[in-house]
Amino acid sequence: MNADSPPLAIRTFRESDRPGVIALWAQTLGHAVEVDRDLDFIQRWSNARLYVGLIGDTIVATAAVGHEGNRGWLHRVATHPDHRRKGYARALIAQGEAWLARLDLPKVNLQIRGHQPGVQAFYESIGYVVEDRTSMGKRLVPVGTGLPVIDITVTHLEMTAAPRVPAPPPPALKLAVLRAEPISVPFYRYLYNTVGETWLWWDRRRMSDATLAAIIGDKAVEVYVLYVNGEPAGFIELDRRDEGAIAIAYFGLMPHFIGRGLGPWFLHWGIDVAWRYKPARLTVSTCTLDHPKALALYQRMGFEPVRQSKRQMVHPGHAP
Ligand SMILES: CC(C)(COP(=O)(O)OP(=O)(O)OC[C@H]1O[C@@H](n2cnc3c(N)ncnc32)[C@H](O)[C@@H]1OP(=O)(O)O)[C@@H](O)C(=O)NCCC(=O)NCCS
């Protein structure tokens, strides 16, 4: 960055950046279509990253990088017209290139539409060369085809007094429940990703390590891990950050431990722990993506549905 330019903060895209990024692209990349789709797409996979450059809270530059397993690609490089020639695009691209290099990608490519000498000069100034290639492409879906969206109905349940449901008999297995405290991000991701894979739990997959660490590192967030024969079989997460109420933020079993009678026993155990804090309310929610028996199980354990809400989610990706 040039010495006299205002400092540019660079980080990866967050969902709250969407309006700022769209506004910048509308102003700088007139040809860019389907920007919402592109932003969803970039977040969908782990082989792409969008870097944003901010001055204060304003997004003034972007650069996206990705790879197809062989070469890296650079796209969505844009700097707000009021902030050009300050080294911002160069700085963002440097971040993207460094990320690709860490993945051992040997090369990065890009395409420039038509003939734009200024843009070409910019890339040449940072080491890119025009190569003797013919650029070809083919559309696989017509412009305007959105990513598949799933309609989700969420049922919110609560109880306002400790239930009098007798504890289900513990399955005849070697069981232990341990609070992971403090829980590390990799171990949490292992639990969350393995339990949630079937049910499309994606919100926390998309979170950066720092954001996730701030949540799970909070003293008022308790993650209890169920062990069966010495290996993790599921977890329950109690969230006490909201004063007075406790939420069962997540509860689930690893796919390979479903069907052994562990669910009711472990859920009852978690509800019991929550009520020891004497909250005004204990809440949980379940959605139509969850196990079909989840709602009935929560009701059996003493929760009552209080409302339903609807939301949509872009499908996080298709299995091969
Ligand atoms: C191309 C673009 C991203 C450059 O952004 P920028 O933040 O101004 O670029 P930088 O300040 O990092 O430029 C670094 C160097 O590139 C060169 N450079 C940048 N723009 C240039 C231009 N228009 N002509 C010649 N050289 C240029 C200069 O050497 C510059 O260093 P200097 O200012 O110290 O001389 C910006 O002009 C833009 O957003 N254009 C419209 C969107 C676009 O076409 N994007 C590319 C899609 S492929």
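For clarity, every value in this text was computed on a predicted model and none was experimentally measured.
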Parallel, tilted or perpendicular: which fits the ring planes of [X] and [Y], with parallel below 30° and perpendicular above 60°?
| X | Y | result |
| --- | --- | --- |
| His83 | His80 | perpendicular |
| Phe251 | Phe266 | tilted |
| Tyr224 | Trp269 | perpendicular |

Distance-only side-chain donor-acceptor flag, [X] / [Y], under 3.5 Å:
| X | Y | answer |
| --- | --- | --- |
| Gln120 | Gln116 | no |
| Tyr298 | Glu304 | no |
| Gln111 | Ser135 | yes |
| His156 | Ser309 | yes |

side-chain hydrogen bond (donor to acceptor under 3.5 Å, both in side chains) between Gln308 and Thr153, worked out: CA-CA 7 Å; Gln308 283 196 323; Thr153 303; 5.9 Å; no
In this structure, would [X] and [Y] fall into the same cluster of hydrophobic residues linked by side-chain contacts under 4.5 Å?
| X | Y | value |
| --- | --- | --- |
| Tyr188 | Leu200 | no |
| Ile152 | Val149 | no |
| Leu110 | Phe122 | yes |

Distance flag, aromatic centroids of His291 and Trp199, threshold under 6.0 Å: yes
Ring center gap for Tyr250 and Trp201 short of 6.0 angstrom: yes
CA sep, side-chain torsions, deciding dist, call: Leu191, Glu237, side chain to side chain contact (heavy atoms under 4.5 Å, CB included): CA-CA 11 Å; Leu191 296 172; Glu237 180 175 328; over 6 Å; no
Leu297 and Pro264, any side-chain heavy atoms less than 4.5 Å apart: yes
Pair Glu97 + Arg102: basic N to acidic O under 4.0 Å: no
